[in-house]
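Below: one structure, written as structure tokens.
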Amino acid sequence: MHIIHINKNDVRGGAARFANLLHHGLRKLEISSTLLVDIKLSNSGDVVLLENDNNRSAWFRIFNKLAIQIGQSTFKGSWLLFKTMRFISSPVRWSYKYLGIDYYNFPGLKSKIKPLLQPGSIFQIYVAHGEYLDLRYVQELSEKHIVILRMPDAWLLSGHCAHSFDCERWKTGCGNCPDLSIPPSINRDATRYNWKFKSGLFDKSKFHIVTPSHWLMNKVKQSMLMKGAVDLSVIPNGVDTDIFSVGVQLDSRQILGIDPGATVLLFSANGIKKNRWKDYAQLQEVFKQLVEVKFEKQVEFIGLGDGGEDEMKGSIRIRYVKYQQDTNVLVHYYRSADLYIHPTKADSFPNSILEALSCGVPVIANGVGGIPEQVKSFSNEKISDSGSWAKHSKEHATGVLIPPGDSKSFFTAVKCLIENTQLRIQLGRNARNDAYLRFSQQRVTADYLKLYNQLSKREVI
């Protein structure tokens, strides 16, 4: 058995971190595993680059090299000349981009696969968008090999977006898209064309679909992807509970230079202020309400994954810290926190929530997407919690879920847990125990290994 993981990059983003986690978890079990990426951000020697550009025609390589050289210059007209050379290097690709049509001519995977193929090879695709993957070739692979689409989002179901929010046009063919700017954004409305093209590919495919949440799987079941689905599995993301573990809070704060006496709120996301999935406006509303409260201790908010000057809003100190690639540093931020807060509009199964839970930090989050499958919500008369998810007692709850956009209830939950130290400690203890039981690397790796064995036996039969 040989598992070939394929993703846009190797460390940045939830899908990348999970792909890396599973890849190394399999290797610990002495299962042959290779991670193929378009962009390599780590120094790991066992990550293989797809090298899409190096496998293109001589024409592309010549004009693309010229474009890169000109793009590094600052002479008058260099930007226009750069765009011209780039267009000449690949006129079809850039024409498609202008028209909003998905482009799939990326030859790296086809070139890299041949030397990696072994008897019993299994291909596992993570993020399928990002202009690096030839979905047509993935469909061809599925006719002869086991291909798993491990979906971190809903892009495969739609004409362009990774999350559709309240729009349900993806069920019937897209077209007349209400928001082309939702990532991955497109210039013109070719969503119906893109949807039909994917649908045609799925007609000829034999994909094994895995989602991290039942919420996302329910969307799959209502989509055109079902035409190419051989079977369906829900396996949650995992977290390395040995790395993301409970530590000495004061030690972590000393390492990071965080006030040892403060109450620390943490939020981790890529580009918090402009991230379309997260709810920065709600976060600002919560701040406005928190500054009106006189807490016994200084409250410090740390926004992990963005930049900006430190500031004081009333009694709240606000800090933004750039993205932390080193998990040995990242874990100290979680251990420093008293609460992990996650204001969001759309999320499939965020790794940051799992990492916080695993470090024994209670979570307050909007109950959207797959988050209610991660957090066991505590609710009583002190916290306005009107969601439809299951409620848990303080002996089992790991955090609090809030209806999306409900800033008042979010503030109430944050205030309640800041002021109730014993409840916060109890939820944090529950969080660590629950993360270890349900989301540990060992548990999730075993679930995937069981799936691989089942699929391999089925292929042999």
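Numbering starts at 1 and runs along the sequence shown.
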[atom1]-[atom2] distance between [X] and [Y], expressed to the nearest 0.5 angstrom:
X      : Y      : atom1 : atom2 : value
Ile418 : Leu339 : CD1   : CG    : 6.5 Å
Leu250 : Ile258 : CG    : CD1   : 11.0 Å
Ile39  : Leu49  : CD1   : CG    : 9.5 Å
Lys394 : Gln422 : NZ    : CD    : 9.0 Å
Phe202 : Leu225 : CZ    : CG    : 5.0 Å
Ile182 : Ser164 : CD1   : OG    : 7.5 Å

Among residues two or more places apart or on two chains, list those pairs meeting ring-ring contact (aromatic ring centres under 6.0 Å, His included) that have a residue in residues 249-274.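 Listed once each, the pairs are Phe267-His342.
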
Would you say the side-chain atoms of [X] pair up with the backbone N or O of [Y], donor to acceptor, closer than 3.5 Å?
X      : Y      : answer
Arg432 : Thr241 : yes
Ser223 : Val220 : yes
His23  : Ala19  : no
Asn55  : Pro107 : no
Thr191 : Gly159 : no
Gln374 : Pro350 : yes
Asn366 : Val368 : no
Thr211 : Ser213 : yes
Asp338 : Val264 : yes
Asp134 : Asn105 : no

A cation-pi test, strictly: NZ or CZ of Lys273 under 6.0 Å from the centre of the six-membered ring of Tyr320 and no more than 45 degrees from its axis. Yes or no?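 Yes, Lys273 sits over the ring of Tyr320.
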
Within 45 degrees of the ring normal and closer than 6.0 Å to the centroid, is that where the cationic atom of Arg319 sits relative to Phe301?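 Negative - Arg319 is either too far from the ring of Phe301 or too far off its axis.
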
Do Asn7 and Asn20 come within less than 4.5 Å of each other through their side chains, counting heavy atoms only?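 No, side chains not in contact.
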
Residues in side-chain contact (heavy atoms from CB on, under 4.5 Å) with [X], at least two apart?
X      : value
Lys28  : Asp240, Gln441
Gln298 : Asp259, Ala262, Met312, Arg317
Leu29  : Ile31, Thr445, Leu449

Residues Leu156, Met151; criterion side chain to side chain contact (heavy atoms under 4.5 Å, CB included); working and verdict: CA-CA 8 Å; Leu156 287 169; Met151 296 172 54; 4.0 Å; yes

Just jot down the side-chain hydrogen bond (donor to acceptor under 3.5 Å, both in side chains) partners of [X], sequence neighbours excluded, or say none.
X      : result
Tyr436 : none
Lys97  : Glu131
Glu419 : Lys415
Arg93  : none

Assess the residue pair Asp38 and Asn9 against the criterion (side chain to side chain contact (heavy atoms under 4.5 Å, CB included)); give the C-alpha distance rounded to whole Å, side-chain angles, the decisive distance to 0.1 Å, and a yes or no. CA-CA 6 Å; Asp38 182 49; Asn9 75 79; over 6 Å; no

Test salt bridge (charged side-chain N to carboxylate O under 4.0 Å, His left out) on Asp53 and Arg56 and set out the steps. CA-CA 5 Å; Asp53 288 351; Arg56 295 188 186 277; 3.5 Å; yes

Residue list, ring-ring contact (aromatic ring centres under 6.0 Å, His included) with Trp277, at least two apart or on another chain: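 In terms of ring-ring contact (aromatic ring centres under 6.0 Å, His included), with neighbours along the sequence ignored, Trp277 is linked to His163, Phe165.
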
When you look at Ser268 and Tyr340, which way does the side chain to side chain donor-acceptor pair (under 3.5 Å) test go after all the steps? CA-CA 8 Å; Ser268 178; Tyr340 179 80; 5.0 Å; no

Quick one: do Arg276 and Asp179 make a salt bridge, cutoff under 4.0 Å?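 Looking at Asp179 together with Arg276, the answer is yes, because their closest N to O distance falls below 4.0 Å.
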
I'd like to know if Asp10 pairs up with Lys40 as an ion pair, taking the criterion as any Lys NZ or Arg NE/NH1/NH2 lying under 4.0 Å from an Asp or Glu carboxylate oxygen.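 No, no charged N to carboxylate O under 4.0 Å.
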
From CA spacing to verdict: side chain to side chain donor-acceptor pair (under 3.5 Å), His396, Asp434: CA-CA 9 Å; His396 299 98; Asp434 190 57; over 6 Å; no

I'd like to know if the side chain of Tyr126 pairs up with that of Gln124 as donor and acceptor (distance under 3.5 Å, no hydrogens or angles considered).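 The criterion, which ignores hydrogens and geometry beyond distance, is satisfied for Gln124 and Tyr126.
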
Arg86 versus Asn64, side-chain donor and acceptor atoms under 3.5 Å: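 Note: Asn64 and Arg86 side chains miss the donor-acceptor criterion.
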
Any chance CD of Glu395 has more than 12 other-residue heavy atoms, nucleotides or ligands included, within less than 6.0 Å?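 Yes, the 6.0 Å shell around CD holds more than 12 heavy atoms from other groups.
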
Report the C-alpha distance between Arg27 and Ser32 in whole Å, list the side-chain angles of each, state the deciding distance to 0.1 Å, and finish with yes or no for side chain to side chain donor-acceptor pair (under 3.5 Å). CA-CA 6 Å; Arg27 287 201 159 195; Ser32 180; over 6 Å; no

Could you name each residue pair satisfying salt bridge (Lys or Arg N to Asp or Glu O under 4.0 Å) that touches residues 102-118, not counting sequence neighbours?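 Residue pairs with at least one partner in residues 102-118: Glu51-Lys112.
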
What residue pairs, at least two apart or across chains, pass salt bridge (Lys or Arg N to Asp or Glu O under 4.0 Å) with a residue in residues 347-359?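 Pairs touching residues 347-359 that pass the test: Arg17-Glu355, Lys278-Asp347.
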
For Gln222 and Lys171: C-alpha separation, side-chain torsions, deciding distance, then whether side chain to side chain donor-acceptor pair (under 3.5 Å) applies. CA-CA 6 Å; Gln222 301 174 68; Lys171 294 180 180 179; 2.9 Å; yes

Below 30° counts as parallel, above 60° as perpendicular, anything between as tilted: where do the rings of Phe106 and Tyr103 land?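 Phe106 vs Tyr103 ring planes: perpendicular.
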
Apply the side-chain contact (heavy atoms from CB on, under 4.5 Å) test between Phe349 and each candidate in Phe18, Trp215, Phe439; give the one that qualifies.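 Only one of Phe18, Trp215, Phe439 forms a side-chain contact (heavy atoms from CB on, under 4.5 Å) with Phe349, namely Phe439.
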
Single hit among His2, Met1, His5, His24 for side-chain contact (heavy atoms from CB on, under 4.5 Å) with Ser33: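 Exactly one candidate clears the test, His5.
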
Take Val138 and Ile125 through the side chain to side chain contact (heavy atoms under 4.5 Å, CB included) test and state the conclusion after the steps. CA-CA 9 Å; Val138 174; Ile125 315 293; 4.2 Å; yes

Do any pairs count as a side chain to side chain donor-acceptor pair (under 3.5 Å) and have a residue in residues 229-239, sequence neighbours left out, and if so which ones?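 Qualifying pairs, neighbours excluded: Arg150-Asn237, His208-Asp231, Asp231-Arg458, Asn237-Asn351.
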
